[in-house]
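Heads up, the thing below is written out as structure tokens.
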There are 2 protein chains.
Amino acid sequence: MMKSKIEAKLQSLVTVCRSQGLALTVQRRVILENLAGRTDHPTADQIYSAIKDRLPGVSRTTVYRVLEAFVDLGIIQRISNPGATARFDAETGRHHHLVCLRCQKVHDLNSPSLNSIPLPSRDEAAFDITDYSITFTGTCLDCQAGVSS
Amino acid sequence: MMKSKIEAKLQSLVTVCRSQGLALTVQRRVILENLAGRTDHPTADQIYSAIKDRLPGVSRTTVYRVLEAFVDLGIIQRISNPGATARFDAETGRHHHLVCLRCQKVHDLNSPSLNSIPLPSRDEAAFDITDYSITFTGTCLDCQAGVSS
DNA sequence: CTCCGTGCAAAAGGTTTGCACTGGT
DNA sequence: ACCAGTGCAAACCTTTTGCACGGAG
């Protein structure tokens, strides 16, 4: 029953690959299976470590490439902001961010109503929450106007 | 009037430095002034590029070190998840994340009430929002239990 | 005067790229 | 058989670290 989630993922991989004419390689299957089967949010390298036993000779490069392909296909998600380089903000109060998926710019959003959403309880989250920030993703008006390639 | 925000930041820098016995160097002032004066969320390198005219001979290293110091002092904020390495998630539906500031692990949080917060309007945000994700920061129960160094 | 902070250079990740080969369709 | 996908090695980019000098407190 927990397994069906993994299988659903693998199924969508099959479907997407078929429709896009992409190769359904062992590497892709194993990588997706591994990622779908864990609840932490591994880095590429952690996935590499986890699968290299089952897939001897697999290379780190492949893991990176496969993960990137999956993200493009919408099968998996990359968390952290795009570009993965640290960004800094002089605004230290609680505020939120609008990340443009096209140009990757980050805009601030101050909205009082968003600054007091009900926090999950310590018990519900199994976590001691001290703060939060909402990241909205979408397209900024500039990018909508100048529709480039 | 817009300038007072920058000055307030510089003022807090002065205060903090005094109270902590830290040096109030030109580099620190210029870097903070630059960051406080822009609304994008620059990377360390973007700040470096911006200030190297006004501060010839400044090194990238210093920018990194100063920014890190500011983050520690609570004067500025680092956005993107800690560690800055990309993490992947097979869960593509809307869900939220609990990031432990101590061990940097990322946990999922599914909470129906958080999945339907009122989105800012397109006009309010000047942005076409397609999705969002809330990142809660704090300490996970494991880290609270095993209080390590 | 004493250290903290800086600059340089080099190291240390993490990620990407070029090229030849292998394997899926 | 063809072309996408893979593996390897090297390149690349961002960030960190060691060490000696210079300026702030």
Side-chain angles (χ1 to χ4, degrees), chain A residues 10 13-32 34 41-73 75-76 78-88 104, chain B residues 10 13-32 34-35 41-73 75-76 78-88 104 106:
Chain A
L10 288 174
L13 174 64
V14 174
T15 308
V16 172
C17 284
R18 289 239 175 90
S19 70
Q20 308 275 324
L22 300 172
L24 196 53
T25 61
V26 199
Q27 289 88 337
R28 289 188 177 167
R29 231 185 309 238
V30 172
I31 290 173
L32 184 57
N34 179 265
H41 298 68
T43 62
D45 204 65
Q46 288 172 325
I47 293 176
Y48 170 72
S49 304
I51 64 166
K52 72 176 167 205
D53 296 328
R54 214 184 317 178
L55 220 56
V58 73
S59 85
R60 243 181 217 87
T61 313
T62 297
V63 177
Y64 279 99
R65 272 192 290 223
V66 168
L67 288 172
E68 193 194 329
F70 287 172
V71 171
D72 288 347
L73 293 170
I75 300 175
I76 67 169
R78 168 191 254 120
I79 59 184
S80 88
N81 52 359
T85 24
R87 288 173 173 273
F88 298 89
Q104 309 206 335
Chain B
L10 287 174
L13 174 64
V14 174
T15 309
V16 173
C17 283
R18 289 238 174 91
S19 70
Q20 309 275 323
L22 300 172
L24 195 53
T25 61
V26 199
Q27 289 87 337
R28 289 186 178 169
R29 231 186 309 239
V30 172
I31 290 172
L32 184 58
N34 180 266
L35 181 59
H41 298 67
T43 62
D45 203 65
Q46 288 172 325
I47 293 176
Y48 170 72
S49 304
I51 64 166
K52 72 173 166 207
D53 296 327
R54 214 185 315 180
L55 220 56
V58 73
S59 85
R60 240 180 219 88
T61 312
T62 298
V63 176
Y64 280 100
R65 271 192 289 224
V66 167
L67 288 171
E68 194 193 329
F70 287 172
V71 171
D72 288 347
L73 293 170
I75 300 176
I76 67 168
R78 177 199 299 266
I79 58 184
S80 87
N81 51 359
T85 23
R87 287 173 173 274
F88 298 89
Q104 310 205 334
V106 181

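Below, each value reflects all heavy atoms present in this structure, side chains not excepted, and no hydrogens, waters or symmetry copies. By convention in this document, chain letters (A, B, ...) are assigned in the order of the sequence lines, proteins followed by strands, and residues within each chain are numbered from 1.
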**Study point:** Side chain to side chain, A:Val66 and A:Thr25, heavy atoms closer than 4.5 Å
**Key:** no
Revision key, fill the gap. What one should report as the nearest heavy-atom pair of A:Arg60 and A:Asp45 is NE-OD1, 2.6 Å
**Study point:** Atom pair distance, as rounded to whole Å: CD1 in B:Ile31 and C1' in C:dG7
**Key:** 13 Å
Point to revise | Whole angstrom value for the distance that separates C1' of D:dG5 from CD of A:Gln20 | key: 16 Å
**Study point:** Distance, rounded to the nearest Å, where B:Glu68 contributes CD and D:dT17 contributes P
**Key:** 8 Å
Check your understanding: OP1 or OP2 of D:dG23 sitting under 4.0 Å from any side-chain N/O of B:Gln27?
Key -> no
Revision key, fill the gap. Shortest non-hydrogen pair, A:His41 vs B:Arg87, comes out as O-NH1, 2.6 Å
Practice item. Using whole Å, report how far CD of A:Gln46 lies from P of C:dG13. Key: 15 Å
Point to revise | A:Phe70 CZ to D:dA4 P, straight-line distance once rounded to whole Å | key: 18 Å
Practice item. Find the distance A:Leu13:CG to D:dA4:P and express it as a whole number of Å. Key: 18 Å
Practice item. Might you point out which heavy atoms bring B:Ala44 and B:Val63 nearest each other, and give the distance in Å? Key: O-CG1, 3.5 Å
Review point. Reckon B:Thr62 has a side-chain N or O less than 4.0 Å from the OP1 or OP2 of C:dG7?
Key: yes
Practice item. Might you work through the side chain to side chain contact (heavy atoms under 4.5 Å, CB included) test for B:Arg29 and B:Val26, ending with a clear yes or no? Key: CA-CA 5 Å; B:Arg29 231 186 309 239; B:Val26 199; 5.6 Å; no
Practice item. Could you please spell out the steps behind the side chain to side chain contact (heavy atoms under 4.5 Å, CB included) verdict for B:Ile31 and B:Val58? Key: CA-CA 11 Å; B:Ile31 290 172; B:Val58 73; 5.5 Å; no
Point to revise | Whole-Å gap separating P (D:dT6) and CG (A:Leu67) | key: 11 Å
Check your understanding: Does OP1 or OP2 of C:dG7 have a side-chain N or O of B:Arg60 closer than 4.0 Å?
Key -> no
Check your understanding: Nearest-Å distance, OH (B:Tyr48) to P (D:dT15)?
Key -> 14 Å
Practice item. Please confirm whether the backbone N or O of A:Ala23 pairs with a side-chain atom of A:Arg28, one donor and one acceptor, at under 3.5 Å? Key: yes
Review point. Where each residue is assigned the nucleotide of DNA chain C containing its nearest heavy atom, which of B:Val63 and B:Gly21 is assigned the position nearer the 5′ end?
Key: B:Gly21
**Study point:** A:Glu68 side chain to A:Arg65 backbone, donor-acceptor under 3.5 Å
**Key:** no
Review point. C:dT15 phosphate, OP1 or OP2: any side-chain N/O from A:Tyr64 under 4.0 angstrom?
Key: yes
**Study point:** Under 4.0 Å protein heavy-atom contact, by nucleotide of nucleotides 19-25 of chain C - B base, S sugar-phosphate only
**Key:** -----SS
Check your understanding: Bend across the helix from C:dC1-D:dG25 to C:dT25-D:dA1, to 10°, with axes taken over 5 pairs at each end?
Key -> 40°
**Study point:** Full working for side chain to side chain contact (heavy atoms under 4.5 Å, CB included) between B:Thr62 and B:Tyr48
**Key:** CA-CA 9 Å; B:Thr62 298; B:Tyr48 170 72; over 6 Å; no
